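Residue numbers run from 1 in the order of the sequence given. As the structure is a prediction and not an experimental result, all values here were calculated from the model.
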Amino acid sequence: MGVSEIFCILGWLAIVFSKDVWWLDLGRFLVGCGIGVLSYVVPVYISEITPKNVRGAFTSLSELMIGCGKALTFLIGSLVNWRTVALIAIIPCLVHLLGLFFIPESPRWLAKCGRLKEFEAMLQILRGENADISQEAADIIEYIENLRWISEDGVLHLFQGKYAYSVMVAVGLMAFQEFGGLNGFSFYTSSIFELAGFSSNIGIIAAAVVQILMTTLGVLLIDKCGRRPLLMISTAGTCLGCVLTGFSFFLQDLQIGKEVIPILVLIGVLVYLGSFELGMGGIPWIIMSEIFPITIKSSAGSLVTLVNWMCSWVVSYAFDYLFEWSSAGTFFIFAVICGMGIIFINKLIPETRGVHLKKSKHHLLISNNKKNFVIYGIHHQCI
């Protein structure tokens, strides 16, 4: 995280002091490198330091902060120029960099490295001075000992049959997260509102408020309702938002209903962004941090993060061309992809609420659910 923030700071400085487009490209590249690593490391770190009963809520808090950050950036960007925005963006990077000196290292990582005294000390700090950590510490140590003879971290190991289900779930979620139109709605919010005849400033502020509220709701519900229900509701909502937005531009192409088009676009965009933040924004990262055993977690996380950002780039790059081809058709395509996402989640995504981040000698993620459940593509009866 520290190295990533240094990349971000250097990137923002390059943008602030840029003299031509190449400095802007360099700055964006450096910021992209930093954010690319942080987007994976942060949810994994949070999942490793928190108890299982609040793991989802704590990991979702990072998504809430991202939502707040986007909303604040929208507001600041409407008041000052882009160089000032880039300069302000350095502040949270510095705060995070300095804050790293005051937060503990992941106990699981310390145990894996054989630093057992530090491991117990950090776990005690995280759980509280008077908390009994003996059982949790013993579980982690047992887990680490089992890993010493089954260490399989490496990209090639990801393509073994026993990991196929986990990789398919994680990669599929990331693909649907991005190909469902996120960057189209996020990066072109102003253009969408303006082309529909709605005030872009009012629309952006409304979108920012809705995103914060829905992310907060997701944080409150994720460990009560579970991952799967929120993902289903979220994806269905994004599908509806795409349909409404696409239908409004379809009416515009037909030159009918001019009075309702701006309101319909506003509703569609808000439904999409709000629904996305409820589940699809953060839960794929949470599930990704939960379903991979530590033996392949680093390589699996790298692969999944790479897929996410590649899909993000494709949508960002293609959206303008698609929108020029057909504004209505663009959103209908996104709606179809979101609909496919609903089927994917319903058929393949396991419920990971309350699952321990541990693994038995049989390479299985053990669930506290008392029903049949799917683990790495195999059905097992919970013991």
Side-chain angles (χ1 to χ4, degrees), residues 63-64 66-78 176-218 230-231 233-254 256-283 311-312 314-339 341-342:
E63 292 301 317
L64 176 59
I66 291 173
C68 292
K70 288 191 292 186
L72 186 60
T73 304
F74 273 132
L75 296 176
I76 294 175
S78 63
F176 282 113
Q177 182 190 63
E178 296 298 333
F179 284 141
L182 170 62
N183 285 351
F185 280 92
S186 297
F187 294 166
Y188 296 90
T189 307
S190 297
S191 301
I192 293 172
F193 285 134
E194 289 171 1
L195 289 173
F198 192 85
S199 171
S200 60
N201 287 336
I202 296 176
I204 286 174
I205 293 173
V209 172
V210 167
Q211 284 178 286
I212 292 174
L213 292 176
M214 294 304 290
T215 306
T216 304
L217 182 61
L230 283 183
L231 277 176
I233 295 171
S234 175
T235 310
T238 57
C239 183
L240 177 61
C242 290
V243 170
L244 292 174
T245 307
F247 183 66
S248 64
F249 282 105
F250 178 71
L251 293 178
Q252 187 180 67
D253 292 340
L254 296 178
I256 59 176
K258 294 182 178 180
E259 300 80 8
V260 300
I261 289 175
I263 300 300
L264 195 59
V265 165
L266 176 65
I267 294 173
V269 171
L270 294 184
V271 168
Y272 179 91
L273 293 176
S275 299
F276 183 86
E277 296 298 339
L278 179 66
M280 280 300 288
I283 293 179
C311 295
S312 173
V314 169
V315 174
S316 302
Y317 185 81
F319 182 84
D320 209 25
Y321 297 102
L322 287 172
F323 202 72
E324 185 177 348
W325 162 69
S326 173
S327 53
T330 300
F331 294 106
F332 287 141
I333 290 173
F334 290 150
V336 171
I337 295 174
C338 290
I342 297 174

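- Residue Ser234 holds its OG atom at 9.5 Å from CD of Gln177, rounded to the nearest 0.5 Å.
- In this structure, CG in Leu270 is found 9.0 Å from OG1 in Thr245, a value given to the nearest 0.5 Å.
- Distance check, rounded to the nearest 0.5 Å: CG of Leu240 to CD1 of Ile267 gives 10.0 Å.
- Here Thr238 contributes atom OG1 and Leu278 contributes atom CG; the two are 10.5 Å apart, rounded to the nearest 0.5 Å.
- Annotation: Phe193, atom CZ; neighbour count of heavy atoms from other residues, nucleotides and ligands within 6.0 Å is above 12.
- In this structure, the side chain of Thr189 engages the main chain of Ser186 through a donor-acceptor pair within 3.5 Å.
- You'll find the ring centres of Phe331 and Phe185 inside the 6.0 Å limit.
- Scanning all heavy atoms of the two residues, the minimum distance from Gly246 to Ala328 falls at O-CB, 3.4 Å.
- Shown here for Asn183 and Ser316, the closest heavy-atom pair between the two residues is ND2-OG, 2.9 Å.
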Report the C-alpha distance between Phe247 and Leu251 in whole Å, list the side-chain angles of each, state the deciding distance to 0.1 Å, and finish with yes or no for side chain to side chain contact (heavy atoms under 4.5 Å, CB included). CA-CA 6 Å; Phe247 183 66; Leu251 293 178; 3.6 Å; yes
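- The distance from the CG atom of Leu266 to the CD1 atom of Ile263 is 6.0 Å, given to the nearest 0.5 Å.
- Within the model, atoms SG of Cys239 and CZ of Phe334 stand 12.5 Å from one another, a figure rounded to the nearest 0.5 Å.
- Proximity of a side-chain donor or acceptor of Ser200 to a complementary backbone N or O of Glu194 within less than 3.5 Å is not detected.
- Considering every non-hydrogen atom in both Gly218 and Leu230, the closest pair reads O-CD1, 4.1 Å.
- What you find for Ala196 and Ile261 is that their closest heavy atoms are O-CG2, 3.9 Å.
- Between Phe249 and Phe323, the ring center distance clears the sub-6.0 Å criterion.
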Hey, mind stepping through Leu182 and Val315 against side chain to side chain contact (heavy atoms under 4.5 Å, CB included) and telling me if it holds? CA-CA 8 Å; Leu182 170 62; Val315 174; over 6 Å; no
Evaluate the side chain to side chain contact (heavy atoms under 4.5 Å, CB included) criterion for residues Ile337 and Phe179: first the C-alpha distance (whole Å), next the side-chain angles of each, then the deciding distance (0.1 Å), finally the verdict. CA-CA 7 Å; Ile337 295 174; Phe179 284 141; 4.0 Å; yes
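- Contact detail for Met214 and Gly274: the closest heavy-atom pair is CB-O, 3.2 Å.
- Of the possible donor and acceptor atoms, one in the side chain of Gln252 sits under 3.5 Å from a partner among the backbone N and O of Leu195.
- Of the listed residues (Val209, Thr216, Thr215, Val210), just one forms a side chain to side chain contact (heavy atoms under 4.5 Å, CB included) with Leu213, and that residue is Val209.
- For the pair Cys242/Val336, no side-chain contact is recorded, criterion being any heavy-atom separation below 4.5 Å from C-beta on.
- Less than 6.0 angstrom separates the ring centroid of Tyr188 from the ring centroid of Phe319.
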